[in-house]
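The structure under discussion appears below in the form of structure tokens.
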Protein chains: 2
Amino acid sequence: MIEDLHDPRLTAIGLLMEVHAGLSSRFAAQFEEHGLSTVEFEVLMRLARSPEHQLRMTDLAAQISLSTSGVTRVVDRMERDGLLRRQACPSDRRSAYAVVTEAGMARLAETLPGHLQLIQDWFVGQLDPETLEHLLRALRTIRDAVHPCATAGSDRTTTDDC
Amino acid sequence: MIEDLHDPRLTAIGLLMEVHAGLSSRFAAQFEEHGLSTVEFEVLMRLARSPEHQLRMTDLAAQISLSTSGVTRVVDRMERDGLLRRQACPSDRRSAYAVVTEAGMARLAETLPGHLQLIQDWFVGQLDPETLEHLLRALRTIRDAVHPCATAGSDRTTTDDC
DNA sequence: CCGGGAATATTGCAGAGTCTATAGTTGCTC
DNA sequence: GAGCAACTATAGACTCTGCAATATTCCCGG
């Protein structure tokens, strides 16, 4: 048992966790400079990448891995701040769309360059291109295994439609 | 701006986030089978690895990246459940130690093998040894850059004393 | 047509975390 | 020694999240 406490596997996973925590906190700080939380940025990104800049509440929940009630509330907040608006779905009156407003797109455009720069500075830019390619390939392998809806042999690198 | 939405850097960081989320949720599920939350497991691990199986509240907070009030509360819960107990520090009456009880060590011993197995199954076991070594080296590079208290040239793989 | 089961969003409630204020303790400086 | 700043743990107020319950809507088999 004592020896398990220093098992190399724990070191390995600890490394991943530290990297994640470090990057996440830097990202969060930059989002906050623009008045956004991490999930709010995530919501903006997902919607902006979707056709018409809109998504059904349920689909949004699936993409940002939040419960549907969580989505109801984050959309509440963002609607209050004018970044989003709700729109009734004409074909199904149960569903509601969340749509990015002009102000929301502007906020995203204002935040995104700094975010990309942070990724550059603290993640991809830390490694030479070949090492980075190896890293991404390894991560892709693990992602495909661990991700609930990974389609095994596929080469896709986007997961929007998951 | 539109092209930024599909910047390869976003894909790269998304990969990392997905891997982290997938692993974390599997770990959490296994912890829950043993009646622990993720932070509770983390607390048990950190304490068990420390001399005398104890740590000052502040130091514990630093290690598991939680606020000191957060630590107060998680220790409250675990003390209530008999996994920990508080002990006054003889040399400094402001400080309090959190000490793992026998029950706490037993709970950890019961949980740890399954946790190691999960790391094996979904993380390190997904890659051949050489690829894994590359991955860990790359992660170490990034960790050393991103981690607030990384000592640049060091080769250490444990961060207990951070 | 219509009645029941599935899907969708919302709300009440409880749990867990942060931030701020507070009280007790320590140690340094004059 | 007395005063004062720094440190330590905790308590209160607030935020965010998930789960369970609810109301509405859709769809399908009779």
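Here the structure is a predicted model, which is why all the values come from computation and not from measurement. Here is the naming used below: chain letters follow the sequence lines, and residue numbers restart at 1 for every chain.
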Side chains of [X] and [Y]: does their closest heavy-atom pair fall under 4.5 Å?
{"X": "B:L36", "Y": "B:L83", "value": "yes"}
{"X": "A:L10", "Y": "B:M45", "value": "yes"}
{"X": "A:H134", "Y": "B:T131", "value": "no"}
{"X": "B:D128", "Y": "B:E133", "value": "no"}

Under a 4.0 Å heavy-atom cut-off, which of residues 74-82 of chain B touch DNA chain D?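 Residues of residues 74-82 of chain B that come under 4.0 Å of DNA chain D do not exist, since none gets that close.
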Kindly state which residues belonging to residues 64-71 of chain A come within less than 4.0 angstrom of DNA chain D, counting heavy atoms of the residue only, listed by number.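 Output list: A:L66, A:S67, A:S69, A:G70.
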Partners meeting ring pair (Phe, Tyr, Trp, His ring centres under 6.0 Å) with B:H53 (sequence neighbours left out):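 Scan of B:H53 (ring pair (Phe, Tyr, Trp, His ring centres under 6.0 Å), adjacent residues dropped) gives none.
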With clusters defined by side-chain heavy atoms of hydrophobic residues (ILVMFWY) lying less than 4.5 Å apart, directly or transitively, does B:L60 cluster with B:V99?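 No, because B:V99 and B:L60 fall into different hydrophobic clusters, even though each may have its own neighbours under 4.5 Å.
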Test of understanding: clusters of I, L, V, M, F, W, Y form through side-chain heavy atoms closer than 4.5 Å, transitively. Do A:V100 and A:Y97 belong to the same one?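 No, no single cluster joins them.
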What side-chain donor-acceptor pairs closer than 3.5 Å can you find for residues 68-75 of chain A, not counting sequence neighbours?
| residue | atom | partner | partner atom | Å |
| --- | --- | --- | --- | --- |
| A:S69 | OG | A:S67 | OG | 3.4 |
| A:T72 | OG1 | A:T68 | O | 3.2 |

What pairs of nitrogen or oxygen atoms, one from the protein and one from nucleotides 5-7 of chain C, lie under 3.5 Å apart?
| residue | atom | partner | partner atom | Å |
| --- | --- | --- | --- | --- |
| C:dA7 | N3 | A:R94 | NH1 | 3.1 |

Nucleic acid contacts - residues 83-91 of chain A versus DNA chain C, non-hydrogen atoms under 4.0 Å: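 Going residue by residue through residues 83-91 of chain A, the ones with a heavy atom under 4.0 Å of DNA chain C turn out to be A:R86.
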Can you list, in residue-number order, the parts of residues 28-44 of chain A that come under 4.0 Å of DNA chain C, counting heavy atoms only?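 Within residues 28-44 of chain A, no residue comes under 4.0 Å of DNA chain C.
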Applying side-chain contact (heavy atoms from CB on, under 4.5 Å), name anything that partners [X], two or more places apart in sequence or on another chain.
{"X": "A:L118", "value": "A:F27, A:Q30, A:W122"}
{"X": "A:S95", "value": "A:R56, A:C89, A:D92"}
{"X": "A:S25", "value": "none"}

Would you indicate what B:T72 reaches in the nucleic acid, counting non-hydrogen atoms under 4.0 angstrom: base, sugar-phosphate, or nothing?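 The answer is base, as B:T72 lies within the cut-off (heavy atoms under 4.0 Å) of a base atom.
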Without placing hydrogens or testing angles, list every side-chain donor-acceptor pair under 3.5 Å for residues 102-116 of chain A, not counting sequence neighbours.
| residue | atom | partner | partner atom | Å |
| --- | --- | --- | --- | --- |
| A:R107 | NH1 | A:H34 | O | 3.0 |
| A:E110 | OE2 | A:H34 | ND1 | 2.9 |
| A:T111 | OG1 | A:R107 | O | 2.8 |

Quickly work out the A:M57 CE to C:dT11 C1' distance and round it to whole Å.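 Distance check: A:M57 CE to C:dT11 C1' gives 13 Å.
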For atom CD of B:E32, decide whether the heavy atoms of other residues, nucleotides or ligands shown that lie under 6.0 angstrom number more than 12.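 No, not enclosed.
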Measure the spacing between [atom1] of [X] and [atom2] of [Y] and express it to the nearest 0.5 Å.
{"X": "B:R137", "Y": "B:L132", "atom1": "CZ", "atom2": "CG", "answer": "10.5 Å"}
{"X": "A:E42", "Y": "A:Q63", "atom1": "CD", "atom2": "CD", "answer": "9.0 Å"}
{"X": "A:L23", "Y": "B:I13", "atom1": "CG", "atom2": "CD1", "answer": "5.0 Å"}

For B:H20 and A:H20, which I'm curious about, is there any donor-acceptor pair between the side chains at under 3.5 Å?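 Yes, because at least one side-chain N or O of B:H20 sits under 3.5 Å from a partner of the opposite role on A:H20.
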Span of DNA chain D in contact with chain A (heavy atoms, under 4.0 Å):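 Contact span on the strand: D:dC16 to D:dC26.
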